[in-house]
Amino acid sequence: MGTALIILAAGKGTRMKSDKAKVLHQIACAPMLVHALRAGQVLEPDASVVVVGHDGNAVAKAVNAYDDSVQIAHQTEQLGTAHAVSQAATALKDHTGDAIVLYGDTPFISEETLLRMAEARKKHDVVVLGFNAADPGRYGRLVMQGDTLERIIEFKDADEATRAISFCNSGVVAANANQLFMLIDAVGNNNASGEYYLTDIVEIARKKGLSATAVACDETETMGINSRAELAQAEAAFQARARVQALDDGITLPAPETVHFAFDTVIGRDTIVEQNVVLGPGVTVESGAHIRAFSHLEGCHVSRGAIVGPYARLRPGTELAEDTRIGNFVEIKNAVIDEGAKVNHLSYVGDAHLGEATNVGAGTITCNYDGVMKHHTEVGKNAFIGSNTMLIAPVTIGDNAMTASGSVINKDVPDGAMAVARAPQVTKLGFALKLFEMLKSKKIKRDKGAE
Ligand code: UD1
Ligand code: CA
């Protein structure tokens, strides 16, 4: 008898002024509704349903790209929050446990808060999440009688005395799923907005002799996103929290305010992340690594003792083993770099494997793309790739092999071999001096002609 998550995400979000559904706009590299989904995981839900409407197919696709076990319910007309929740009933028809309603545009409800709501559910039939609003504005007001939540009154329907209440509705509600759908069946739309209000279930529950209460959380958790400005504020709030968390976890950040984290960043203790590092989605950095300034990482795994940057770019599929070195202006993509290997300057290594302790000289490029297909480059252990080597994939360089600087390598190089593939040098003694004299006298003649 677990919990089911119901995430409301059918609204249009007009104030975003966007062609895209509001809930798909990203915070810390994840659509905002994914944040609500992730927070809900603390309740170990045995089902999750996202209610989509505006741009529903795109929202469904994004949700299932993140987690394909999430069910989608379509709300074709947005008739109110109670109507939205009722759309999840079919998906949850066999669910006998609890349901908790979250909003897709309210990403910061904490795990701790959700656990407190689950705790309160042990004593009450309906549990609503409230907060004391600094500016209660147009939020629904929670009418409390001691511990008991008597009813929720929407701002539009409230009299002056009710509007004076500052304890407001966040929108998050928990109840037994069957009971929730039963209560919703009794909700009408005879109110100032002509909508089916989810908030009405409280009064209906009370009339049926059920108990209802409210759990309070900090107002920062209930921040909803309606505009680009609020999206930017939400990003800033996420980053501020992530930085505090990283410092708390034993990570050194000399300039925390310049480091950007993603929703799923994992960093081990004693790692140093220098100034202006951007961490995209899917980054894991193990303990004791060093990410130097102005590096950009996404979809990669960095092992203990590795040094990355300054100015390095690690793209998806990068796997750096222990004590590797990736230096300035180096891009790595879909490549495994074994222990102790170095790519220190100005290189591109893509679709490749570099063996242990191999050294890649400055300006080396794996030419992985033929214009149609991508090809693999394999480099063995203890190899030495000379500066400015072009490795035309598919190609294999053996263990302990070498390539000469400036080589264009399009044939395999066996273990221990040295490959040179460049035009031979011709040196003409004294020729430079003659050439300079000739050019100088030419310039004098030309300058005279111009006078
Ligand atoms: C709602 C609450 C209000 C609370 C406030 C907190 C009701 C009646 N009111 O008001 O008490 O203080 O949230 O932010 O519940 N949605 C749908 N389908 C619909 C209607 C809404 O999916 O038919 C979704 C929206 O996309 C949004 C959420 O539900 O994510 C809340 O809807 P919204 O219209 O913003 O509710 P409020 O009027 O702000
Ligand atoms: Ca709202």
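Not measured: the values here are computed from a predicted model. In this chain, numbering begins with 1 at the start of the sequence shown. Atoms within each ligand, like the ligands themselves, are counted from 1 in listed order.
- Geometrically, ligand 1 and Thr199 share no nitrogen or oxygen pair separated by less than 3.5 Å.
- Taking every heavy atom of Tyr139 and a limit of under 4.0 angstrom, the matching atoms of ligand 1 come to 6 (C), 12 (O), 14 (O).
- For Phe238 and His35, the distance between ring centers is under 6.0 angstrom.
- Residue-environment remark: CG (Asp159) exceeds the threshold of 12 foreign heavy atoms within 6.0 Å.
- Contact annotation: for Leu79 versus ligand 1, heavy atoms closer than 4.0 Å belong to the backbone alone.
- A heavy-atom separation below 4.0 Å is not found between His83 and ligand 1.
- Geometrically, ligand 1 and Ala10 share a nitrogen or oxygen pair separated by less than 3.5 Å.
- No N or O atom of Glu77 sits closer than 3.5 Å to an N or O atom of ligand 1.
- With a 4.0 Å heavy-atom cut-off, ligand 1 is reached by the side chain of Gln75 but not by its N, CA, C or O.
- In the vicinity of Leu8, heavy-atom distances shorter than 4.0 Å reach the ligand 1 atoms 22 (O), 24 (C), 29 (O), 30 (O).
- Applying the salt bridge (charged side-chain N to carboxylate O under 4.0 Å, His left out) definition to pairs two or more places apart or across chains, those involving residues 181-208 are Glu150-Arg206, Arg151-Glu203, Glu203-Lys207.
- For Arg243 (side chain) and Val259 (main-chain N/O), a donor-acceptor pair under 3.5 Å exists by modelled atom type.
- Ligand 1 has a nitrogen or oxygen under 3.5 angstrom from a nitrogen or oxygen of Thr81.
- Residue contacts with ligand 1, taken as heavy atom pairs separated by less than 4.0 Å, do not involve Glu195 at all.
- Ligand 1 places these atoms under 4.0 Å from at least one heavy atom of Ser170: 6 (C).
- Between Glu274 and Arg292 there is a salt bridge, since a side-chain N of the basic residue sits under 4.0 Å from a carboxylate O of the acidic one.
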Distance-only donor-acceptor hits, side chain of residues 49-63, under 3.5 Å, sequence neighbours excluded:
{"from": "His54", "atom 1": "NE2", "to": "Gln78", "atom 2": "OE1", "distance (Å)": "3.2"}
{"from": "Asp55", "atom 1": "OD2", "to": "Ala21", "atom 2": "N", "distance (Å)": "3.2"}

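- Relative orientation of the Tyr196 and His83 rings is tilted, given thresholds of 30° and 60° on the angle between their planes.
- Ring geometry for Tyr139 versus Phe131: interplanar angle over 60°, hence perpendicular rather than tilted (30 to 60°).
- For atom 19 (C) of ligand 1, the candidate residues are Ala21, Gly80, Gly224, Ala73; the nearest heavy-atom contact is made by Gly80.
- Counted within 6.0 Å of NZ on Lys342, heavy atoms from surrounding residues, nucleotides or ligands total 12 or fewer; the atom is thus considered open.
- At under 3.5 Å, a nitrogen or oxygen of Gly140, whether backbone or side chain, sits near a nitrogen or oxygen of ligand 1.
- Judged by the shortest distance from any of its heavy atoms, Gly53 lies outside the 4.0 Å radius around the atoms of ligand 1.
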Worked check of side chain to side chain contact (heavy atoms under 4.5 Å, CB included) between Leu115 and Val42: CA-CA 7 Å; Leu115 289 175; Val42 74; 3.9 Å; yes
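- Distances between N or O atoms of Gly11 and those of ligand 1 include at least one value under 3.5 Å.
- In Ala82, neither the side chain nor the backbone holds a heavy atom less than 4.0 Å from any atom of ligand 1.
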